[in-house]
Number of protein chains: 2
Amino acid sequence: MLDVSISTVSKALNDSHEISPATKERIREAAKLYNYQPNRIAVNLKSGKANTIGVVIPSIQNFFMTQVLRGIESVIAETPYNIIISITNESYEKEAQIVNTLTQGFVDGIIVTVSEETFIKKAYDHFRSFDNRKALLMFDRVVGDVVCDKVLVDDEDAVFKATKELLASGRKQITLTSTISNINVGKQRIKGYTRAVQPIHDPVLISDTVENIEDKVKILLDQGKVDAIVALDEEASLASFRAGKAKKVLDNKAVSVIGYTSKKIAENLTPNLTTIDQDGVRVGELAAELLLKKLKKPLKDPESIIVNSIYNKRFTS
Amino acid sequence: MLDVSISTVSKALNDSHEISPATKERIREAAKLYNYQPNRIAVNLKSGKANTIGVVIPSIQNFFMTQVLRGIESVIAETPYNIIISITNESYEKEAQIVNTLTQGFVDGIIVTVSEETFIKKAYDHFRSFDNRKALLMFDRVVGDVVCDKVLVDDEDAVFKATKELLASGRKQITLTSTISNINVGKQRIKGYTRAVQPIHDPVLISDTVENIEDKVKILLDQGKVDAIVALDEEASLASFRAGKAKKVLDNKAVSVIGYTSKKIAENLTPNLTTIDQDGVRVGELAAELLLKKLKKPLKDPESIIVNSIYNKRFTS
DNA sequence: CTGTTAGCGCATTCAC
DNA sequence: GTGAATGCGCTAACAG
């Protein structure tokens, strides 16, 4: 149309040194005028690269995940890579489908938190089978069997230490509540709790739905069998908190509740909730950095990094 | 390798009627064995379709957005389409870049909430310029000038009604707090508030950062110039709430706070927070349905749908 | 400095 | 019922 060949256009737009400044300028103007945009799909197909990394997570309704996303984004923003996020809703089928789709040309690598159903089914083939040249990194909920880079949180240790703190502050009957016992993260945390209380008393585990946790905690409180609760996730934390409020044992400090909750919630509750804080942003940053490293040197051995949590005491006693 | 041509394989895998059941079976087995996956990029390039819709939002750190995402996903899950989500972090540049990338072959249509910076800059070209055959839908924060399908929330009306309720319950000095006055949603809500209080008293607007809101509300409370606060977003709600708690005017019901907050937060605060609830899931569902409709009939005239909010009273007085 | 050609991986006519 | 050839939009090696 402008009396030049197609490849000249391509070269001009890519600022090739073999095109004269004059024609470059003409072509660029025409491109702007006609609002030409190179078809990324074709570029990807040709180059075999996507310049995109995929993030596959079970849910977005939780503070930790949004923090991790922020961390990933802050790192990736400094690179030419784009991010696409997909949500599995804790479904194995959806996870497998998404991982397959993404790795079929859309992305160069993926960052994954494994869904609950996948853990229950122990079905990990979708992580093993895809083209080895795609980079894979798991964070938070990882599968031991699958060989890949990993970014972990010190779940067992963090809960162990937090429980110890409770014991040190004079608590004698500590109950654990959880809605996430099906996934390895939950199991690790239970280990930490158990290891801490074992010398003092038998572990008391309430591993159930939100509603049932609230009811069961109330019963235990009525029986006077609890003076502290360790909650493993936000749902369990709030259920335990509500039970304590209902039984009026929180404001007078008869019972302490500590849990995994966002700062925003913990600080606005009355009384404030003591929490175990995970550094989600750091997890995301490390995950992104590690993946980028692997993208550059695909042959490197897989690494695992552990990010420590912080015990954020907000009660007095 | 299996003594058939490339096109036979393609047809067999796509279940073409021109291939004999026998060879189909052989090819499928081989495909499974070698874990063959058709390259989606190539398929897209060939077909000109992506079977994917893009969701572009400014942030994910807020309950409404996660609800909308759930709504979108529940609808899209019933279709052959995939979803990819991208976050703009309220940045114009990122938004423009993402919209351009996605529409260059990755997606068939996009669902967008416009970022704050884009509103401030009034820079909407990236929404106008892309290929008309891509479908575009805006929700929540929409640009009046841009012609496309829209799903809106009844911002002005909802705040108008809520403020009226406060007045009806005997409140006489209502202050508004907001961190979102730069975007049209915030402006609409301010209109609703103003329209409601105007007959009674001059509007009092605290439009600031979270920290400043908390301080300014405290000052107003000290001066005895407020007996109710309408907060336009979660940050403002919690800042106003903390100020009220600090001044001990909430538990004795001297002051009412109502705001935009997730149920999870509202119900666990003491006292519970009265809220204006947006039906995010419904917004997402409608957005997805409308976009799918447009994908089928690209020539239809743009539609706008308004989703009503619900006033969820949790205080007594 | 510019144009011709081939090929990325697939689906789809059109012959056979 | 099967295979050879063409092209999706682009880049890059090669000629001119």
Side-chain angles (χ1 to χ4, degrees), chain A residues 1-52 80 82 100-108 129-134 298, chain B residues 1-52 80 82 100-108 129-134 298:
Chain A
M1 344 244 157
L2 207 68
D3 215 27
V4 287
S5 84
I6 254 179
S7 64
T8 306
V9 172
S10 169
K11 286 172 189 166
L13 261 26
N14 288 323
D15 204 24
S16 160
H17 57 276
E18 10 178 280
I19 303 294
S20 75
T23 33
K24 267 188 197 170
E25 200 43 46
R26 279 172 57 220
I27 290 174
R28 277 182 191 152
E29 273 176 29
K32 222 155 292 172
L33 181 62
Y34 284 83
N35 201 264
Y36 169 82
Q37 304 273 27
N39 182 321
R40 284 274 307 235
I41 292 289
V43 175
N44 287 179
L45 178 61
K46 180 65 186 170
S47 67
K49 294 193 59 207
N51 278 321
T52 302
N82 287 109
N100 284 329
T101 303
L102 287 182
T103 51
Q104 282 154 32
F106 280 105
V107 301
D108 301 315
S129 59
F130 68 77
D131 186 345
N132 291 337
R133 289 172 318 153
K134 302 280 180 213
Chain B
M1 344 242 156
L2 206 68
D3 216 26
V4 288
S5 83
I6 255 179
S7 62
T8 307
V9 173
S10 169
K11 287 173 188 166
L13 260 27
N14 287 324
D15 204 24
S16 160
H17 58 276
E18 356 180 295
I19 304 293
S20 73
T23 34
K24 267 188 196 169
E25 200 43 44
R26 279 172 57 219
I27 290 174
R28 278 181 190 152
E29 274 176 28
K32 221 154 292 173
L33 181 63
Y34 284 83
N35 202 264
Y36 168 82
Q37 304 272 27
N39 182 321
R40 285 275 307 235
I41 293 289
V43 175
N44 286 180
L45 178 60
K46 181 65 186 167
S47 67
K49 295 193 57 207
N51 277 322
T52 302
N82 286 108
N100 284 330
T101 303
L102 288 182
T103 51
Q104 282 156 31
F106 280 105
V107 302
D108 301 315
S129 59
F130 67 77
D131 185 346
N132 290 338
R133 290 173 316 153
K134 303 280 180 211

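Of the possible donor and acceptor atoms, none in the side chain of A/Lys134 sits under 3.5 Å from a partner among the backbone N and O of A/Gln104. With B/Arg40 contributing its side chain and A/Thr103 its backbone, the two residues share no donor-acceptor pair below 3.5 Å. Of the possible polar contacts, none joining the B/Ser7 side chain to the B/Ser5 backbone as a donor-acceptor pair under 3.5 Å is found.
The closest side-chain heavy-atom distance from B/Thr23 to B/Arg26 is below 4.5 Å. Counting heavy atoms from C-beta outward, B/Asn44 and B/Lys49 have side chains that stay 4.5 Å or more apart.
Nucleic acid contact for B/Asn14: sugar-phosphate only, since backbone atoms but no base atoms lie under 4.0 Å from a heavy atom of the residue.
Taking only side-chain nitrogens and oxygens, A/Ser20 comes nearer than 4.0 Å to OP1 or OP2 of C/dT2. Under 4.0 angstrom from either OP1 or OP2 of C/dT2 there lies at least one side-chain N or O belonging to A/Thr23.
For A/Ile6, the CD1 atom is loosely surrounded, since the number of other residues' heavy atoms within 6.0 Å does not exceed 12.
Between A/Ile41 atom CD1 and C/dC10 atom P the separation is 14 Å, expressed in whole Å. Atom CG of A/Asn39 and atom C1' of C/dG9 are 15 Å apart (whole Å). The CG-P distance, from B/Asn44 to C/dC10, rounds to 12 Å in whole Å. The CG atom of A/Asp15 sits 15 Å away from the C1' atom of C/dC1 (whole-angstrom rounding). B/Ile27 places its CD1 atom 15 Å from the C1' atom of C/dC10, with the value rounded to the nearest Å. Separating the CG atom of B/Asn51 from the P atom of C/dC10 is a distance of 16 Å, rounded to the nearest angstrom.
The nucleotide range of DNA chain D contacted by chain B, defined by atoms under 4.0 angstrom from heavy atoms of the protein and reported 5' to 3', is D/dG1 to D/dG9.
Ranked by how close their nearest DNA chain C nucleotide is to the 5' end, B/Val43 and A/Ser7 are led by A/Ser7. Residues A/Ile6 and A/Glu18 both approach DNA chain D. Their nearest nucleotides, taken by heavy-atom distance, put A/Ile6 toward the 5′ side.
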Every protein N/O within reach of nucleotides 6-8 of chain C N/O, cut-off under 3.5 Å:
{"unit_1": "C/dG7", "atom_1": "N2", "unit_2": "A/Lys46", "atom_2": "NZ", "d": "2.7"}
{"unit_1": "C/dG7", "atom_1": "N3", "unit_2": "A/Lys46", "atom_2": "NZ", "d": "3.3"}

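Going from atom OG1 of A/Thr52 over to atom CG of A/Asn82 covers 5.0 Å, rounded to the nearest 0.5 Å. Atoms CD and OG1, on A/Glu18 and A/Thr8 in that order, are 9.5 Å from each other to the nearest 0.5 Å.
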Q: List the steps, then state whether side-chain contact (heavy atoms from CB on, under 4.5 Å) holds for B/Leu13 with B/Tyr36.
A: CA-CA 10 Å; B/Leu13 260 27; B/Tyr36 168 82; 3.5 Å; yes
